[in-house]
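Shown next, in structure tokens, is the structure this report addresses.
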Number of protein chains: 2
Amino acid sequence: MNAKTKALFEARAKIMKALAHPTRLFIIHELSRKQRCVCELTEMIGADTSTVSRHLSVLKSAGIIADDKRGVQVYYNLRMPCVLNFFGCVESVIKSTAREQMELLKR
Amino acid sequence: MNAKTKALFEARAKIMKALAHPTRLFIIHELSRKQRCVCELTEMIGADTSTVSRHLSVLKSAGIIADDKRGVQVYYNLRMPCVLNFFGCVESVIKSTAREQMELLKR
DNA sequence: TGTTTATTTGGCAATATCGACAAATATCTT
DNA sequence: AAGATATTTGTCGATATTGCCAAATAAACA
């Protein structure tokens, strides 16, 4: 595997890593409905504000969301709605795995 | 956020985590072309066999790939080709971020 | 049966991620 | 300027991930 190929997959992995956390997936889901400020998301998630802010910064630096400062508040919005298309596939993986587990139990 | 919602996003995150590593993304890419045995993938990746085997086991337990034992060798194949559809979106995130960086440099 | 080859698994050190607290920063208000 | 509110950042302990080596397992074959 040459350096260029390696760089490509590393760049992709960086985005995937940003998506690989339940809280961040929730944030994406919520931002797909409407933009939200940190305090609103913190309220919904029920973690420390600093924790939520860190998750937002991970998503932002991956280029998935963008921020919009309004006075004291910072509103975040989904910059790459195409990520949502993926969840159908993820869901099918989950379902298929679950179905398989069931089959194994039947015996 | 209730327990059910939380479980949904945790299940999704588990799949995303499996996809969040450059070597595993390479494996998926390679398996999308044709099925491969561990030794072939090891050769291409240039890591220890045990390392490659571990990556394969992560992908398998997430339900993304499946194995097919043939004598001493184990061939792996892509069970969820829909994951490939996502990379177009990932690519657009990468490009868009890169473009933005360029704009910043122009000033 | 003993040997060879392919793969998996146990264990360990290095590194990365996570979540919370405290402190810093920024904006608005008085 | 001082206070209040929203957010970010520094730090740290806990936990998870990664990659390699060595050892275990499994199948094919002499």
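Below, chain A is the first sequence line, B the second, and so on; all start at residue 1.
- Under the rule for a side-chain hydrogen bond (donor to acceptor under 3.5 Å, both in side chains), the partners of A:Arg36 that lie at least two apart in sequence or sit in another chain are A:Glu30.
- Residues from residues 36-52 of chain B lying near DNA chain D, meaning a heavy-atom separation below 4.0 Å, are B:Ala47, B:Asp48, B:Ser50, B:Thr51 in numerical order.
- Inter-residue side-chain proximity for B:Asn85 and A:Asn85 is flagged as unmet; no heavy-atom pair is nearer than 4.5 Å.
- Within residues 6-25 of chain B, no residue places a heavy atom under 4.0 Å from DNA chain C.
- Rounded to whole Å, the distance from CG on B:Asp67 to P on C:dT8 is 7 Å.
- Put simply, the side chain of A:Ile15 reaches to within 4.5 Å of the side chain of A:Ile64, judged on heavy atoms.
- A pairwise comparison of heavy atoms in B:Cys39 and B:Gln73 identifies SG-NE2, 3.6 Å as the closest pair.
- Within 4.0 Å of B:Tyr76, counting heavy atoms only, lie sugar-phosphate atoms of the nucleic acid but no base atom.
- Pairing each heavy atom of A:Tyr76 with each of A:Val74, the nearest pair is CE1-CG1, 3.7 Å.
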Which atom pairs link the protein and nucleotides 26-28 of chain C when you take only N or O atoms and keep those under 3.5 Å?
none

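- Following rounding to the nearest Å, B:Arg54 (CZ) and C:dA13 (P) show an atom-to-atom distance of 16 Å.
- Contact of the A:Ile94 side chain with the B:Leu8 side chain is not registered, since no non-hydrogen atoms from C-beta on lie closer than 4.5 Å.
- For B:His29 and A:Phe9, the distance between ring centers is under 6.0 angstrom.
- Under the 4.5 Å side-chain heavy-atom criterion for Ile, Leu, Val, Met, Phe, Trp and Tyr, A:Phe87 and A:Met80 are members of the same hydrophobic cluster.
- Between B:Thr97 and A:Arg79 there is a side-chain heavy-atom pair separated by less than 4.5 Å.
- Here C:dT17 presents its P atom at 12 Å from NE2 of A:His55, a figure rounded to the nearest Å.
- The pair B:Glu40-B:Lys34 fails the salt-bridge criterion, with no side-chain N (NZ, NE, NH1 or NH2) lying under 4.0 Å from an Asp/Glu carboxylate O.
- At least one side-chain heavy atom of B:Leu78 sits under 4.5 Å from a side-chain heavy atom of B:Leu84.
- Between B:Arg54 and B:Thr23, the closest side-chain pair of non-hydrogen atoms is not below 4.5 Å.
- For the side-chain hydrogen bond (donor to acceptor under 3.5 Å, both in side chains) condition, the pairs that include at least one residue of residues 6-21 of chain B, sequence neighbours left out, are A:Glu91-B:Arg12.
- Distance NZ (B:Lys69) to C1' (C:dT7): 9 Å, rounded to an integer number of Å.
- Chain A approaches DNA chain D over the interval D:dT5 to D:dT11, counting the first and last nucleotide 5' to 3' with an atom under 4.0 Å from its heavy atoms.
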